[in-house]
Amino acid sequence: MPEESRGPIDRLAIVGLGLIGSSIARAARRYGLARTIVAVDRDPAVRDRVQELGIADHVTGDPAEGASDTDLVILCVPVGAIGAAAAEMAPHLKPGAIVSDVGSVKGAVVAAIQPHLPDGVALVPGHPIAGTEFSGPDAGFATLFQGRWCILTPPEGTDPAAIDTVRALWAGMGANVETMSADHHDHVLAITSHLPHLIAYNIVGTAAELEEATQSEVIKFSASGFRDFTRIAASDPTMWRDIFLNNRDAVLEMLGRFNEDLSALAKAVRWGDGEALHAMFTRTRAIRRSIVALGQETAAPDFGRPRPPEE
Ligand code: NAP
């Protein structure tokens with residue numbers, strides 16, 4: 001159930017009806033958070049599917065129509081496309097409108113949106129820490145944000161009422177909302193999300209390049225750890241390309257630290273330093289337990305995956 005409700009937004013426009021955009025549409029409808037939901041997407045096939053799914057009141061490919069008389073616009077396209085999407089809509093926004101987004105990088109996105117916004121339009125960027133490795137309007141679901149964090153990064157001086165509106169929308173969709181600077185967000189997400197994806201893409205890429213005989217064994221015995229990397233490495237290539245291109249500094253800084261720590265681990269393995277390895281693995285196990293304790297992961301064996309029925 002939603003945590004908090006301030007009454008519905010009159011007209012909510014969602015640009016990009018993929019996993020995140022279509023989940024917002026579904027959740028806004030289910031929890032009565034918007035009187036009218038407008039879906040804006042450049043792709044006619046996505047628009048047809050959104051019509052069939054019935055998750056928006058109005059569907060259009062025209063950004064001017066999407067922006068017209070709208071109270072809150074949420075840009076849900078890949079990070080590299082957010083600036084252009086904002087530029088298309090900005091001239092048609094009414095004074096008092098709010099622009100938000102869900103991009104996984106915040107500093108570059110704020111810089112890409114801000115120059116296009118007319119006076120009287122507020123910017124309240126957001127990033128829900130929720131998702132799956134699937135894309136498109138069929139991948140979304142209304143409960144995606146339940147119990148997850150959503151980080152808002154409003155630039156200094158943003159109208160507090162605009163921040164409250166966006167905060168209430170996310171709280172209404174079941175998210176826990178936190179506010180921080182865009183820089184801080186990018187730094188934190190570089191280690192919690194961006195670097196793990198880079199590592200997963202790399203390890204799966206390395207396995208893919210092994211000679212054929214070993215490769216088939218990797219797939220056969222993948223349950224022993226590799227499989228969990230493959231799930232992350234199956235994430236949308238466009239989305240992740242844009243994240244690395246737009247959070248370069250923070251990712252490279254974390255990668256530098258990671259490489260140093262990896263060298264230390266390699267040294268412990270090389271010299272048979274079991275004590276160092278055991279101490280490190282004990283610390284990391286405690287981190288896993290605290291994530292489970294915070295309700296951000298299941299403690300069920302094998303990450304809660306259902307077991308196939310016994311023969
Ligand atoms: P998605 O399922 O691939 O949907 C993206 C949508 O944007 C699609 O409707 C796509 O339509 C449209 N689009 C793609 N390129 C575009 C362009 N150049 N101009 C206009 N529209 C374009 O992606 P998603 O997972 O929902 O991600 C959307 C945003 O959410 C990204 O900024 C991502 O960083 C952020 N995010 C994602 C996750 C996650 O786990 N997936 C979590 C948090 C935040 P087409 O059919 O035309 O491609």
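On a predicted model such as this, the values are computed, not experimentally measured, just so you know. All ligand and atom numbering here is 1-based and tracks the order in the structure.
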Item to check | Atom of Gly32, atom of Pro8 and distance for their closest heavy-atom approach | outcome: O-CB, 3.6 Å
Item to check | ILVMFWY cluster membership beyond Phe221 - transitive side-chain contacts under 4.5 angstrom | outcome: none
Checklist entry - If only atom types and distance count, is the side chain of Ser22 paired as donor or acceptor with the main-chain N or O of Pro137 below 3.5 Å? => result yes
Show me the donor-acceptor pairs within less than 3.5 Å that the side chains of residues 87-115 make with the rest of the protein, sequence neighbours left out.
| residue | atom | partner | partner atom | Å |
| --- | --- | --- | --- | --- |
| Lys94 | NZ | Asp69 | OD1 | 3.4 |
| Lys94 | NZ | Asp71 | OD1 | 3.0 |
| Ser100 | OG | Val124 | O | 2.5 |
| Asp101 | OD1 | Lys106 | NZ | 3.4 |
| Asp101 | OD1 | Gly126 | N | 3.3 |
| Asp101 | OD2 | Gly103 | N | 2.8 |
| Asp101 | OD2 | Lys106 | NZ | 2.8 |
| Lys106 | NZ | Gly103 | O | 2.7 |
| Lys106 | NZ | Gly126 | O | 2.8 |

Checklist entry - In terms of ring plane angle, is the pair Trp170 and Phe145 parallel, tilted or perpendicular, where the classes change at 30° and 60°? => result perpendicular
Item to check | ligand 1: protein residues within heavy-atom distance under 4.0 Å | outcome: Gly16, Leu17, Gly18, Leu19, Ile20, Asp41, Arg42, Asp43, Val46, Cys76, Val77, Pro78, Val79, Ala81, Val102, Gly103, Ser104, His127, Pro128, Ala130, Gly131, Thr132, Ser135, Gly136, Met239
Checklist entry - Tracing side-chain links under 4.5 Å among I, L, V, M, F, W and Y, which residues wind up in one group with Met180? => result Ile129, Trp149, Ile151, Val188, Leu189
